[in-house]
Amino acid sequence: MLTKAPKGTKDLMPDQIYKWHYVEGAFAEICRKYGFKEIRTPIFEHTELFARGVGDTTDIVEKQMYTFNDYAGRSITLKPEGTAGAARAFIEHNVYANVQPTKMYYQIPCFRYEKPQSGRLREFHQFGIEVFGTADMLADTEVIMLAHDFLSAMQIRDVELRINSVGCPKCRPLHRQALKDFLADKYDRLCDTCKSRYDRNPMRILDCKSPICQELVQGAPMMLDYLCDDCHDAFESLKSNLTAAGIPFTVDPGIVRGLDYYTKTAFEFVSNNIGAQGTVCGGGRYDNLIEELDGPATPGVGFGLGIERLLLVMETSGAQIPEPQGVDVFVAVMGEAAKAKGLSLLRELRGAGLHAEMDLLSRNLKGQFKYADRQKTRLTVVIGDDELAAGKVSLKRMSDSSQVLVDIEKLTETILKQEA
Ligand code: ATP
Ligand code: MG
């Protein structure tokens, strides 16, 4: 128990972390290219934020949140998603009073009590972006384009963009009624979850993962056929924007997001190569969220991109992630005087920007070389009493075992010249 991480969580061990650094760096770079700035919000928020923002009849709020009372009896929840927190900060810091739009990106851990399986964890991580303050479909296009560019940069080839419109509070009730009428005589065969969705939010039945429910919704009325003029025009304009931008997409009327705040645009980037958990990135527009959270009416659009799933898809796509370089210089020492010189040399080498290390276990020379080899060291210097007396050290290149004798005072300089 003590030596096992909780179910649905994963350690990121030091030998794998370079993959995360790689995708994190690339994501931040692409966001900055698009003019997004990073926001960091707390890992926990008041439970009420998610109940209202995400929707208190959604699966997430009903049965997936890590919620607890703090010592003062306040109900606190570990973030299950990123948009509500970003929206709360947007309101709290009066960001709406600035020139709009507001373009933010983030990387966060998310917590959902789900059944763990490949690509589905209880603690997972998301990259996310949000654009607040514009209802123009250009913003939706930019958001989708950013995700597309990022996934391409991550060398993912088998991913498909699917778009849909989930309408707005004006047109959704019509579809909702039509859907309920369609499902009325199938109600008994729906799964228990979908039975409870029938009254609360029947649209989510379209997204049920049970094969029986999937079968039952075949031929169901689709939101796209019920869009009001405003939503219809918005969807048309999104499609022509994407075409103009050269982003391939398919219209998938079955896409419904699992969070209540979505309006109009809903989209997913789906991979067919990692099994059932194929949605790498999901997002859309949420024009009523800020108002729902007691802020001034402000439209928004964004996405969440699962980092664990991203790495799974990258792996199946054969994406190349550069492995970290080994140590530049390993300083091997023999004797107390050499140790002291070694320490000052390390400072000098590191001060010059080199990655330099020495043995911390006082091993013999053979042991030090073995260790240096394991660290994929490029260059090794050996300092012993003789070297100290002569003021010279031999600098060995590990790849071909070639050695040169170097003035100890000129060691850093020599290495830097070699590098250049
Ligand atoms: P799914 O339909 O697979 O449950 P979702 O609609 O719940 O996904 P969102 O809430 O839109 O997902 O979250 C955005 C992204 O976060 C998903 O596309 C996915 O990549 C990732 N994600 C969601 N839940 C998990 C999880 N439990 N474990 C790992 N990644 C997840
Ligand atoms: Mg989910």
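First listed ligand is number 1; within each ligand, the first listed atom is number 1. Starting from 1, each residue takes its place in the sequence as its number. All heavy atoms count here, side chains included; hydrogens, waters and symmetry mates do not.
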ask   = Based purely on interatomic distance, does Val280 place a nitrogen or oxygen under 3.5 Å from a nitrogen or oxygen of ligand 1?
value = yes
query = Are any of the N or O atoms of Gly306 closer than 3.5 Å to those of ligand 1?
reply = yes
request  = Would you tell me which option among Glu308, Arg309, Arg112 has the nearest heavy-atom contact to atom 5 (P) of ligand 1?
outcome  = Arg112
key: Of the listed options Tyr113, Phe124, Phe127, closest to atom 30 (N) of ligand 1 (non-hydrogen atoms)   = Phe124
ask   = Is the shortest N/O to N/O distance between Thr279 and ligand 1 below 3.5 Å?
value = yes
request  = Would you kindly check if the NZ (Lys) or CZ (Arg) of Lys264 is within the cone defined by 45 degrees around the ring axis of Phe235 and under 6.0 Å from the six-membered ring centre?
outcome  = no
task = Enumerate the atoms of ligand 1 whose separation from the nearest heavy atom of Leu121 is less than 4.0 angstrom.
result = 26 (C), 27 (N), 28 (N), 29 (C)
key: Sidechain-backbone polar pair: Arg157 side chain, Ser317 backbone, donor-acceptor under 3.5 Å   = no
The one among Glu114, Gln117, Glu123 that brings a heavy atom closest to atom 27 (N) of ligand 1 = Glu114
query = Can you check whether Asp230's main-chain N or O pairs, donor with acceptor, with Lys170's side chain at less than 3.5 Å?
reply = no
query = Can Asn288 and Tyr286 be counted as having a side-chain donor-acceptor contact under 3.5 angstrom?
reply = no
ask   = Which option, Gln126, His125, Arg120, owns the non-hydrogen atom nearest atom 1 (P) of ligand 1?
value = Arg120
ask   = Touching ligand 1 at all, Lys209? Heavy atoms, strictly under 4.0 Å?
value = yes
ask   = Regarding Arg40 and the six-membered ring of Tyr106, is the cationic atom NZ or CZ under 6.0 Å from the ring centre and inside 45° of its axis?
value = no
request  = Using distance alone, decide if ligand 1 has a nitrogen or oxygen within less than 3.5 Å of any nitrogen or oxygen in Ile60.
outcome  = no
inquiry  = Whether the side chain of Asp400 engages the backbone of Ser402 through a donor-acceptor N/O pair (distance < 3.5 Å, no angle test) should be reported.
reply    = yes
Reference residue Glu45; test salt bridge (Lys or Arg N to Asp or Glu O under 4.0 Å); the match among Arg74, Arg88, Lys79 = Arg88
ask   = When the aromatic ring centroids of Phe150 and Phe127 are compared, is their separation below 6.0 Å?
value = yes
message = Using a 4.0 Å cut-off to any heavy atom of Cys281, which atoms of ligand 1 qualify?
response = 18 (O)
key: ligand 1 contact on Cys110 by region, counting heavy-atom pairs under 4.0 Å   = neither
message = Using modelled atom types and a 3.5 Å cut-off, is there a donor and acceptor pairing between side-chain atoms of Arg112 and backbone atoms of Pro80?
response = yes
message = Which of the numbered atoms in ligand 1 are under 4.0 angstrom from any heavy atom belonging to Gly304?
response = 14 (C), 15 (C)
query = Going by the order shown, which atoms of ligand 1 are within less than 4.0 Å of some heavy atom of Gly282?
reply = 18 (O)
